[in-house]
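Chain letters run A, B, ... following the sequence lines, proteins first and then strands; every chain starts at 1. Values reported hereafter were calculated over all heavy atoms of this structure, with side chains retained and with hydrogens, waters and symmetry mates removed.
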Amino acid sequence: MHNIKDIRNNSDNFKEQIKSRNVDIKINEILELDSKNRNLIHEKETLEKEKKNISKTRDKSLFSKSKEISAKLDTIIKNQSEVKNKLDIILSSLPNIPLNDVPKGKDEKSNKEIIKKGNINEFNFKPKSHYELGENLQMMDFDLASKTSGSRFVFLNDKLALLERAISNFMIDTHTQINGYKEISPPLMANEATMYGTGQLPKFENDQFEVKLDVDDSRKFLIPTAEVILTNIVREKLVNINELPIRVVASTPCFRKEAGSYGKDTKGLIRQHQFYKVELVSIVENDKCLDELERMTNSATLILDKLNLPYRKIVLSTGDMGFSAEKTYDIEVWIPSEKKYREISSCSSCGTFQAKRMKARYKDKKNETQFLGTLNGSGLAVGRALVAIMENYQTQDGSIIIPEILRPYMNNLDKIEKN
RNA sequence: GGAAGGAUGGCUGAGCGGUUGAAAGCACCGGUCUUGAAAACCGGCAAAGGGGCAACUCUUUCCUGGGUUCGAAUCCCAGUCCUUCCGCCA
């Protein structure tokens, strides 16, 4: 959420920066609503003051006058809150401003590669896709899932179910034991305020699965990522500075409608309505966001290093970043069957953008109240890690070698082969 | 599902129709003292918004939304959440 004062004082610059995010902005409408709003506030306050004074005098002869003012106030307050609402809806739908060092560009073509790591395995046979491998092993069943649930769901059976669980456990252990994150098992549903806080609402309501509870109940949504719940830990809080940084990790199912991706990645595990993800969230003093972003990204790549999977790290361009981010690194893992890198993690600094929405603050060393910095990153997407392991570790006969580091998590199994 | 109690500043907690934005304590910040620290003492310390170059000033806010009243943290109604007890289910 942006501060209207900043926009007012610097509207041309603000407009340009929002435009770099591929977002249309009606700057004139914003400024007009803002000035209308302030005029109404002024009217309101004048009347309120008058009323207050009358009640202070306790002069009975003035009481009827006070009643008249109340009536006038009613309509002004109504107008003002209408104008304010309109303004808020527009403002809350504007994305975060990118940091200066973020490459400018309108889509993923302007993303920049930072590093490439690991050796790409040269197969002496044609590598299969993970879904071919999975279905041949009879441990991955898309047909059954479409019968019970619909498209973009899957059954993982037997050793692949175990592998999924192992991946998740290995990642969490690494983050808690080496990277200094605290493990959390959070709710998988979030209310409106929580969804608003991290930026899913109001703009992206169509991407969310809403859960119907009782008829009159407040709205609830399945979380599209644990970021939503974990970041809102500090919503409406004034955090003590010596509690910072807060670093938490959770492995949760994530639910996404994938509304805009019909026909995209329809086969396999890459794009599902439901998938597990190990999520990292850091909450820090707002001037430490950039350092924390590097640290978080390193926490994520450590997983790939340990799994010995080839990957690259890229920085997203202004047009390709998510709504709440000021800077984002994507980590992409090598997928042999597609002969390309695919996103397996996205680490973002949101600066104070989410904190302003959440009213999440701390007192700095000068005892001044500040908005917190929030960051989130996948560490990593479990389903896609499963894909990467299956494809990179496949053998000619269609079995899967288990990466050394995961074996303790799989009862020391070293290979998944057909039963 | 039934019964009772509660929600006040960063935290604990008073107030229960009129200088109450709100006592007190803790925490925090500044200072005195000290070689340094602690203790003690002194002072400061809510947020959001409007106006002003600024000093400053005004308005709103005691869970949320309505209502009563000239005036509400305080009274009434509805809702949300929490606690305890009973029932039911995992």
What protein N or O atoms touch nucleotides 62-64 of chain B N or O atoms at under 3.5 angstrom, if any, and at what distances?
none

With sequence neighbours excluded, tell me which residues meet side chain to side chain contact (heavy atoms under 4.5 Å, CB included) with Ile27(A). Ile7(A), Ser11(A), Phe14(A), Lys15(A), Ile25(A), Leu31(A)
Please give me every residue in residues 30-39 of chain A whose heavy atoms get under 4.0 Å of an atom in RNA chain B, ordered by residue number. Arg38(A)
Provide a list of protein-nucleic acid N or O atom pairs under 3.5 angstrom, restricted to nucleotides 36-38 of chain B.
none

List every contact pair, protein side and nucleotides 25-32 of chain B side both N or O, where the distance is under 3.5 Å.
unit_1  : atom_1 : unit_2    : atom_2 : d
rC28(B) : O2'    : Asn367(A) : OD1    : 2.8
rC29(B) : O4'    : Asn367(A) : ND2    : 3.3

Going 5' to 3' through nucleotides 68-79 of chain B and flagging B where a protein heavy-atom sits under 4.0 Å of the base, S where only the sugar-phosphate is that close, and - otherwise, we get --BS--------
Not counting sequence neighbours, which residues clear salt bridge (charged side-chain N to carboxylate O under 4.0 Å, His left out) with Arg342(A)? List them please. Asp265(A), Glu338(A)
Residue set satisfying salt bridge (charged side-chain N to carboxylate O under 4.0 Å, His left out) with Glu227(A), at least two apart, ordered chain then number -> none
Taken in chain and number order and not counting sequence neighbours, the residues that satisfy salt bridge (charged side-chain N to carboxylate O under 4.0 Å, His left out) with Arg407(A) are Glu404(A)
Are there runs of at least three consecutive Watson-Crick or G-U pairs touching RNA chain B, with each pair's two distances under 3.5 angstrom? Give them by first number. B:1-7 with B:80-86, B:10-12 with B:24-26, B:28-32 with B:40-44, B:46-51 with B:56-61, B:63-67 with B:75-79
Output one line per pair: protein atom, nucleotide atom from nucleotides 52-61 of chain B, and distance, for all N/O pairs under 3.5 Å.
unit_1  : atom_1 : unit_2   : atom_2 : d
rU59(B) : O3'    : Glu48(A) : OE1    : 3.4
rU59(B) : O2'    : Glu48(A) : OE1    : 2.5
rU60(B) : OP2    : Lys52(A) : NZ     : 3.1

Please enumerate all residues that pass salt bridge (charged side-chain N to carboxylate O under 4.0 Å, His left out) together with Asp88(A), with sequence neighbours excluded. Lys84(A)
Under-4.0 Å side-chain N/O to phosphate OP1/OP2 contact, Arg219(A) with rU80(B): no
